[in-house]
Amino acid sequence: MAKATFDVKTEATRAFYAGVGANDLAVEVVRDFVATAQKSVTQIDLDPKTLRDQAVTVVTARRKAIEARVAELLNDNTAAYGDLVSRGQSLVGRIRKQESTVATTTSAKTTVAKAKSTKTQAAKTAAARKASAKKVTPATKKKATATKSSAKATATAATKTATNAVDALVDAAQKVGD
């Protein structure tokens, strides 16, 4: 499978060129419109009634042409947007179903559960120490050891989650553009 590469400089340059191209197209459309309008102006009869009738005809024709073009563009944009949405949904679905993403989700839930347990144990240890007037008793020592063990298990689970997340990210990156 080909590796997908993403070069920020290249993509930024492409976006810049796309913007320049869009502006160039806009200027071209405006120039064509101005040239057409200038031709129309030279053909105008200077009689007020004739001027009004010609203006109504020209404006009506332009309005209809613009409405038709806008409708066409809206349909094109709606179709393109719909295609992009479908493509994005498909990609996200494939990424969510991949084995590495499922493993990451599972290990993240385990990490959260272990972190909650560690928090509870730490609170109990603190309460036991406070109750024993800050003297270390065998009971508080046992609670502290349990808290330390729980914290270590939480750290191990978090490391596993991070490793799974990296694997999921690499797998997801390979799916982009398929």
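These numbers were taken from a predicted model, which means no experiment stands behind them. No hydrogens, no waters, no symmetry mates; every other heavy atom, side chains included, goes into these values. Just so you know, residue 1 is the first one in the sequence shown, and it goes up from there.
Counting heavy atoms from C-beta on, the side chains of Gln98 and Ile95 come closer than 4.5 Å. Taking the side chain as every heavy atom from C-beta outward, Arg63 and Thr60 approach each other to under 4.5 Å. For the pair Lys116 and Val112, the minimum side-chain heavy-atom distance is below 4.5 Å.
Minimum heavy-atom separation, Lys114 to Ala153: CD-O, 3.6 Å. Nearest heavy-atom pair, Lys143 versus Lys124, reported as atom, atom and distance to 0.1 Å: CD-O, 4.1 Å. Considering every non-hydrogen atom in both Asn164 and Ser107, the closest pair reads ND2-OG, 3.2 Å. Taking every heavy atom of both residues into account, Ser100 and Ala168 meet most closely at OG-CA, 3.2 Å. The nearest pair of heavy atoms linking Ala151 to Thr118 is N-OG1, 3.6 Å.
Atom CD of Gln121 is separated from atom OG1 of Thr145 by 11.0 Å, given to the nearest 0.5 angstrom. Lys141 contributes atom NZ, which lies 13.5 Å from atom OG1 of Thr125 (distance to the nearest 0.5 angstrom). Rounded to the nearest 0.5 angstrom, Thr104 OG1 and Glu99 CD are separated by 10.5 Å. Expressed to the nearest 0.5 Å, how far CZ of Arg69 lies from CZ of Arg62 amounts to 14.0 Å. Between atom OG1 of residue Thr105 and atom NZ of residue Lys109 there is a gap of 6.5 Å, rounded to the nearest 0.5 Å.
Of the possible polar contacts, none joining the Thr101 side chain to the Lys97 backbone as a donor-acceptor pair under 3.5 Å is found. Judged by distance alone, the side chain of Thr156 and the main-chain N or O of Lys152 form a donor-acceptor pair under 3.5 Å. Panel note: side chain Ser117, backbone Ala113; no donor-acceptor pair is recorded below 3.5 Å.
Between Glu28 and Arg31 there is no salt bridge, since none of the side-chain N atoms of the basic residue sits less than 4.0 Å from a carboxylate O of the acidic one. The pair Lys49-Asp53 meets the salt-bridge criterion, since a charged nitrogen lies less than 4.0 angstrom from a carboxylate oxygen.
Residues Ile66 and Leu74 are members of one and the same hydrophobic cluster, defined by side-chain heavy-atom contacts under 4.5 angstrom among Ile, Leu, Val, Met, Phe, Trp and Tyr.
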Show your reasoning for whether side-chain contact (heavy atoms from CB on, under 4.5 Å) applies to Val34 and Gln38. CA-CA 6 Å; Val34 168; Gln38 285 175 340; 3.9 Å; yes
